[in-house]
Amino acid sequence: QVQLVESGGGLVQAGGSLRLSCAASGRTFSSYAVAWFRQAPGKEREFVAARSGGGNTYYSASVKGRFTISRDNAENTVYLQMNSLKPEDTAVYYCAARYATYSTFSEHFDYWGHGTQVSVSS
């Protein structure tokens, strides 16, 4: 079992930055593929970014060039650095993990955090 806890959300003005953290506990995390998803009110959960156990990264078109996913295996923590934030980035952001290759599909992930709210004002 892996437990995930997100933090770092908040309210920021458009153009600003936030860094989300996802702390994992329960198992050594380094071999897991990890990802961030988000869900805005009235919308389905969507893929944001993923990082394979081998270190490859993948981004949705809407965040590529603005967001960066990284991990600190020693600290069992995954980060999402978000720059140049836009109002359309407003959502609850979820961290997810799976003991397999990376995926961009939420249904492929076994472990989820409870989410952290990100709000971007115009």
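We're numbering straight along the sequence, starting at 1.
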Using side-chain hydrogen bond (donor to acceptor under 3.5 Å, both in side chains) as the criterion, list what pairs up with E46, not counting sequence neighbours.
R38
Is there a path of hydrophobic side-chain contacts, each under 4.5 Å between heavy atoms of I/L/V/M/F/W/Y residues, joining W112 to V92?
yes
Does C22 offer a backbone N or O that forms a donor-acceptor pair with the side chain of E6 under 3.5 Å?
no
Check side-chain hydrogen bond (donor to acceptor under 3.5 Å, both in side chains) between R66 and all other residues, then give those that pass, not counting sequence neighbours.
D89
Q13 side chain to S122 backbone, donor-acceptor under 3.5 Å:
no
For R71, what residues pass the side-chain hydrogen bond (donor to acceptor under 3.5 Å, both in side chains) criterion, not counting sequence neighbours?
N73
Partners of Y79 by ring-ring contact (aromatic ring centres under 6.0 Å, His included), sequence neighbours excluded?
none
With F109, which residues qualify under ring-ring contact (aromatic ring centres under 6.0 Å, His included), at least two apart?
F37
Over all atoms of both residues, closest heavy-atom pair of S21 and T77:
CB-CG2, 4.3 Å
Here the gap from Q81 atom CD to S17 atom OG, rounded to the nearest 0.5 Å, amounts to 5.5 Å
Please evaluate residues H114 and V5 with respect to the criterion side-chain contact (heavy atoms from CB on, under 4.5 Å), reporting the C-alpha separation (whole Å), side-chain torsions for both, the decisive distance (0.1 Å), and the verdict.
CA-CA 7 Å; H114 292 295; V5 178; over 6 Å; no
Got Y111 and Q3 here, is their nearest side-chain heavy-atom distance under 4.5 Å?
no
Nearest heavy-atom pair of A91 and A40: which atoms, and what distance?
CB-N, 3.8 Å
Partner set under side-chain hydrogen bond (donor to acceptor under 3.5 Å, both in side chains) for S84, not counting sequence neighbours:
none
With rounding to the nearest 0.5 angstrom, report the CZ to OG distance, R98 to S106.
11.5 Å
CG on L11 to CD on Q117, rounded to 0.5 Å
9.5 Å
Does T116 reach the main-chain N or O of G9 with its side chain, forming a donor-acceptor pair under 3.5 Å?
yes
Out of L20, I69, L4, which one pairs with V78 under the side-chain contact (heavy atoms from CB on, under 4.5 Å) rule?
I69
Are Y58 and Y102 near enough that their ring centres are under 6.0 Å apart?
yes
Less than 6.0 angstrom from the centroid, inside 45 degrees of the normal: does R45 satisfy that with respect to the ring of Y94?
yes
Is the Lys NZ or Arg CZ of R51 less than 6.0 Å from the centre of W36's six-membered ring, within 45° of the axis?
no
Parallel, tilted or perpendicular, judged at 30° and 60°: which one describes the rings of Y32 and Y99?
tilted
Of all the heavy-atom pairs spanning Y59 and F67, show the shortest one and how long it is.
CE2-O, 3.2 Å
How far apart are the closest heavy atoms of G8 and L18, and which atoms are they?
O-CD2, 3.9 Å
Would you say L80 and T68 make side-chain contact, with heavy atoms under 4.5 Å?
no
Transitively linked via ILVMFWY side-chain contacts under 4.5 Å: V63 with F47?
no
